[in-house]
Amino acid sequence: MTNEELSIKSIDKSLADVGYISSSEITTSMFLALSLNKPVLIEGPPGVGKTELAKAIAKSLNRDFFRIQCYEGIAFEQIVGEWNYQKQLLHLEAFKNREVSEESIFEDEYFIRRPLLSSFMNSKDSLLLIDEIDKADEEVESFLLQALGEKEITVNDLGTFQLQNDLIVILTSNAQRNLLDETKDRCLFLYIPYPTLQREMAIVKSAVPNADNSLVEKVVKIIQKIRTFNLVKKPSVRASIDWVRSVMHLDKDDVDEALKDSIGVAIKTEEDKEKIIKELFDNEYLNK
């Protein structure tokens, strides 16, 4: 799909073709990001499909996919690249033994490219996902912002690299810390909440097409009820998919019993599990 072929309808269809069930707001935001060539910052609770959206966009547009997984303490080397010290030492040893004529070890062949530089230098149009940028510190965020804004990266002893393709940039955040105002100003903003009942059912059905519609509806309704509780960890959309699959694998006549037996697929702490069993299963909520 070229930029000339972009439309809200075409993006919605291309996402559906690769198995991503979108919403009007998601599709519109991605259309604007692509049309205006602006990065998009996606926030929302864990497990709503922020990362999957970036992967789906890359796949639907036939772009190479690069990912920076941010974490506390992530540094320049993990984002841009680092020197291959072992290879440099071997070259210096070879030069000392007169096995090679050149002494220089600050060349591209001695540099290991990481996602940011790889995405910049890729010859094919690409998509860069900066995942969970809120886990990185402000210094890293500022560096990324500068590189993306200037469309170039400077590596000491190696030089400056210019962006070589039409790079789409998607950032995700779980809002663990406030991002810089400059980041927010440069990006389109998209908040992805937990999906509606109908959208979540469509997502589950897409992932488990052979599942009975009544089972899908029952599981999704339970999941959505569970999310209203005060839990340590609310179940993700993936939990709905996995729970449906688990019940199908158990192949029990009593669906409620199968749901209770496989609750650990969706609920990840004992405290949450006890609360849900008491509120839903022991109170016969499932039969209401």
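Excluded from the calculations below are hydrogen atoms, water molecules and symmetry mates; all remaining heavy atoms, backbone and side chain alike, are included.
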Using the side chain to side chain contact (heavy atoms under 4.5 Å, CB included) rule, take L259 and K218 through it: C-alpha gap first, then chi angles, then the decisive distance, then the call.
CA-CA 10 Å; L259 285 167; K218 184 163 193 169; 4.3 Å; yes

Does one hydrophobic cluster hold both V155 and L145, with members joined at side-chain heavy-atom distances below 4.5 Å?
no

Contact between S29 and Y191 at the side-chain level, heavy atoms closer than 4.5 Å - yes or no?
no

K234/D272 ion pair, N-O < 4.0 Å:
no

Which heavy atom in V208 sits nearest to a heavy atom in M248, and how many Å separate them?
CG1-SD, 3.7 Å

Any heavy-atom pair between the side chains of E43 and F189 that's under 4.5 Å?
yes

Interatomic spacing from CD1 in I267 to OG1 in T269 - rounded to 0.5 Å
8.0 Å

Is there a side-chain contact between D125 and L167 in this structure, where contact means two heavy atoms from C-beta onward sitting under 4.5 Å apart?
no

Going through the distances and angles, do Y194 and I223 end up as a side chain to side chain contact (heavy atoms under 4.5 Å, CB included)?
CA-CA 11 Å; Y194 288 114; I223 287 286; over 6 Å; no

Please determine if D131 and K50 form a salt bridge, counting it only when a charged side-chain N lies under 4.0 Å from a carboxylate O.
no

Is a salt bridge present between R227 and E200, judged by a nitrogen-to-oxygen distance below 4.0 Å?
yes

Contact check, side chains of T160 and I153, non-hydrogen atoms, under 4.5 Å
no

Between K268 and V265, is there a donor-acceptor pair closer than 3.5 Å when you use the side chain of the first and the backbone of the second?
yes

K59 side-chain N/O to V18 backbone N/O, donor-acceptor pair under 3.5 Å:
no

Between the side chains of E132 and N174, does any donor sit under 3.5 Å from an acceptor?
yes

Hey, does the side chain of R67 reach the backbone of K55 with a donor-acceptor pair shorter than 3.5 angstrom?
no

Could you check whether any side-chain heavy atom of I112 comes within less than 4.5 Å of a side-chain heavy atom of Y85, counting everything from C-beta outward?
no

Sequence neighbours left out, what pairs pass ring-ring contact (aromatic ring centres under 6.0 Å, His included) with at least one residue falling in residues 25-68?
none

Is there a side-chain contact between I276 and L231 (heavy atoms, below 4.5 Å)?
yes

Taking 4.0 angstrom as the limit, do D137 and R177 come out as a salt bridge?
no

Strictly by modelled atom types, are K124 and N165 linked by a side-chain donor-acceptor pair under 3.5 Å?
no

What closest approach, in Å, do S240 and V219 show between heavy atoms, and which atom pair accounts for it?
O-CG1, 3.8 Å

Can you tell me if D254 has over 12 outside heavy atoms packed within less than 6.0 Å of its CG?
yes

Would you find more than 12 non-hydrogen atoms of other residues, nucleotides or ligands less than 6.0 Å from Q162 atom CD?
yes

Taking every heavy atom of V237 against every heavy atom of V48, the minimum-distance pair comes out as CG2-CA, 4.3 Å

Linked, directly or transitively: L197 and F229 (ILVMFWY side chains, under 4.5 Å):
yes

If you take all heavy atoms of L171 and P39, which pair is closest and at what distance?
CD1-CB, 4.0 Å

Using side chain to side chain contact (heavy atoms under 4.5 Å, CB included), reason through I192 and I26 one step at a time and then give a plain yes or no.
CA-CA 8 Å; I192 303 181; I26 290 172; 4.1 Å; yes

Distance in Å, L163 CG paired with N122 CG, rounded so as to fall on 0.5 Å steps
10.5 Å

Which value, rounded to the nearest 0.5 Å, describes the distance between L116 atom CG and I68 atom CD1?
4.5 Å

Counterpart residues, ring pair (Phe, Tyr, Trp, His ring centres under 6.0 Å), relative to F76 (two or more places apart):
F143

Determine yes or no for a side-chain-to-main-chain donor-acceptor pair under 3.5 angstrom, with S262 supplying the side chain and A258 the backbone.
yes

Side-chain heavy-atom pair Q164, F120 within 4.5 angstrom cut-off:
no

Interatomic distance, S22 atom OG to M30 atom CE [nearest 0.5 angstrom]
9.0 Å

Should K260 and E257 count as an ion pair when the cut-off is N to O under 4.0 Å?
no

Short question: side chain of E141, backbone of L180 - any donor-acceptor pair under 3.5 Å?
yes

Using the side chain to side chain contact (heavy atoms under 4.5 Å, CB included) rule, take L61 and I11 through it: C-alpha gap first, then chi angles, then the decisive distance, then the call.
CA-CA 9 Å; L61 297 179; I11 292 175; 5.9 Å; no

Mark yes or no for whether K87, through its side chain, and E109, through its backbone, hold a donor-acceptor pair below 3.5 Å.
yes

Show every side chain to side chain donor-acceptor pair (under 3.5 Å) that has at least one partner inside residues 70-84, sequence neighbours left out.
E82-R114

Checking S126 against S119 for the side chain to side chain donor-acceptor pair (under 3.5 Å) test, could you report, in this order, the C-alpha distance in whole Å, the side-chain angles of both residues, the deciding distance, and whether it holds?
CA-CA 6 Å; S126 306; S119 68; over 6 Å; no

Using the test side-chain hydrogen bond (donor to acceptor under 3.5 Å, both in side chains), find all partners of R113 that sit at least two apart in sequence or belong to another chain.
D108

For L179, does its backbone N or O pair with a side-chain atom of T183 as donor and acceptor, under 3.5 Å?
no

Tell me, do R238 and I241 make a side-chain contact under 4.5 Å, heavy atoms counted?
yes

For S7, does its backbone N or O pair with a side-chain atom of S10 as donor and acceptor, under 3.5 Å?
yes

Taking all atoms of both residues into account, what is the closest heavy-atom pair of A56 and L15, and its distance?
CB-CD2, 3.8 Å

Which atom names give the shortest non-hydrogen contact between I57 and S60, and what distance separates them?
O-OG, 3.0 Å

Residues, nucleotides or ligands: over 12 heavy atoms within 6.0 Å of D185 CG
yes

Please confirm whether the backbone N or O of P195 pairs with a side-chain atom of Q224, one donor and one acceptor, at under 3.5 Å?
yes

Is it true that, when you exclude K275 itself, more than 12 heavy atoms of the residues, nucleotides or ligands shown sit nearer than 6.0 Å to its NZ?
yes

More than 12 foreign heavy atoms under 6.0 Å from NZ of K184: is that the case here?
yes

Could you work out, with side-chain hydrogen bond (donor to acceptor under 3.5 Å, both in side chains) as the rule, every residue matching S24, not counting sequence neighbours?
none

Please report the interatomic distance CD(E271) to CG(N230), rounded to the nearest 0.5 Å.
8.5 Å

Taking side-chain hydrogen bond (donor to acceptor under 3.5 Å, both in side chains) as the definition, give me every residue that meets it alongside E274, ordered by chain and number, with sequence neighbours left out.
none

Between CG on residue D134 and SG on residue C70, distance to nearest 0.5 Å
8.0 Å

